[in-house]
Amino acid sequence: VKRILIAEDEPRIASFLEKGLRARGYATTTCETGTDALELAGTGEFDLLVLDLGLPDRDGSHVLRELRQHDRRMPVIILTARDSEHDTVHRPRGRRGRLRHQTVSFRRVGCAHPRPAARRPSARADRIGRR
Amino acid sequence: MLDRLQASFADQRHFLDDVGHELRTPLTIVRGHLELLEEGTPQERERTRDLVLDELDRMTRLVNELLTLAQSARPDFLRRTDIDAGELLGRVQEKAVVLADRDWRISAASTGPVNCDPQRITQALLQLAANAVRHTEPGKLIELGCRVDADSARFWVRDQGSGIEPAERERIFQRFYRSAGQSRSSGSGLGLSIVAAIAAAHGGRAEVESEPGFGSTFSVVIPRMAPAA
């Protein structure tokens with residue numbers, strides 16, 4: 001089972017992410033701060049990070065930069081509601097980091113019916129998050 | 001001049017970015033939960049329905065508050081009339097007591113006519129009252145007061161809540177500013193901006209005094225007579 005770490009402080013967003021991902025066969029863990037996200041991501045127990053850029057304790061792009069100092073491989077899906085944040089993430093990633101913008105949607109991320117450990121979401125995550 | 005134009009352009013960009021963020025969050029929530037609607041049990045579907053309606057209510061409030069802010073710069077924003085300050089404060093207290101279980105008291109009330117929009121002043125003071133409720137426990141004292149002197153009238157709401165740190169005091173009147181630990185569910189983040197906008201439309205100002213650990217006093221200070229146009 002693929003394990004997904006969700007770093008999101010808005011409980012109503014976290015709840016549908018958890019519900020949707022679990023129904024698709026993933027195991028999820030949710031945390032609400034960037035500090036917790038880094039600590040949990042550092043355990044090596046997660047295959048993917050879903051990262052909200054608007055976390056209360058520190059800037060999401062900081063979290064991403066710090067994560068990349070230790071871990072260059074973990075795919076990251078970035079959630080943001082701010083247009084201005086696109087810039088702050090894009091720059092430090094450099095030319096090797098590829099970033100795609102999409103609306104959060106389970107219809108796009110996974111499939112309409114529950115299917116355990118579908119391949120598509122992780123493939124997409126790679127494209128979005130990997131350096 | 002150019003600096004000022006650039007600053008105001010940057011302000012506007014930040015403001016629109018904030019508005020976008022505040023509206024996208026409920027949109028994301030509604031969309032996410034609706035997409036998973038069919039996968040849930042009947043109870044989960046019912047919860048989703050309540051949640052979606054709650055988010056739509058929140059968006060409605062936000063849009064209304066944004067419209068109030070936009071209107072506040074217009075000359076017809078206020079419907080001025082002469083009203084006794086003490087009487088106005090009494091009306092505010094009547095409405096405040098139904099907001100929440102607190103010990104609502106008028107600690108000081110001077111009388112004297114004030115030329116203002118009673119509905120807008122009431123709206124501002126009730127906003128301050130609602131904020132005071134959010135920072136105090138049930139049953140606690142919240143004081144309302146007014147003082148009229150030769151030129152100006154001061155209305156205030158005083159709570160014995162946790163108070164506000166000095167660094168925060170300068171930022172709390174900014175649009176979408178929420179103090180640490182205040183989540184999206186506690187308010188739109190526009191309440192104090194609206195209070196300040198109502199005071200400014202009267203030619204006055206909104207103020208805060210606070211001692212961390214002992215509570216805060218928020219005031220609306222307005223001229224007793226409309227400033228000459």
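On a predicted model such as this, the values are computed, not experimentally measured, just so you know. Here is the naming used below: chain letters follow the sequence lines, and residue numbers restart at 1 for every chain.
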Residue pairs involving residues 24-64 of chain B (criterion ring-ring contact (aromatic ring centres under 6.0 Å, His included); sequence neighbours excluded):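 Residue pairs with at least one partner in residues 24-64 of chain B: A:Phe16-B:His33.
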
- request: Would you name the heavy atoms of B:Leu36 and A:Lys19 that are closest together and state the gap between them?
  value: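 Shortest heavy-atom separation between B:Leu36 and A:Lys19 comes out as O-NZ, 3.8 Å.
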
Would you list the atom pairs, donor with acceptor, under 3.5 Å between side chains in residues 42-49 of chain B and any protein atom, with sequence neighbours excluded?
from: B:Glu44; atom 1: OE1; to: B:Thr41; atom 2: N; distance (Å): 3.0
from: B:Arg45; atom 1: NH1; to: B:Gly40; atom 2: O; distance (Å): 3.0
from: B:Thr48; atom 1: OG1; to: B:Glu44; atom 2: O; distance (Å): 3.0

message: Using the rule side chain to side chain contact (heavy atoms under 4.5 Å, CB included), only one of B:Thr25, B:Val30, B:Asp54 pairs with A:Arg12; which is it?
response: B:Asp54

message: Any carboxylate oxygen within less than 4.0 angstrom of a Lys/Arg side-chain nitrogen, looking at B:Glu39 and A:Arg22?
response: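 Between A:Arg22 and B:Glu39 there is no salt bridge, as every charged N stays at least 4.0 Å from the carboxylate O atoms.
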
- request: Calculate, to the nearest 0.5 Å, the distance between atoms CG and CZ belonging to A:Leu79 and B:Arg24 respectively.
  value: 12.5 Å

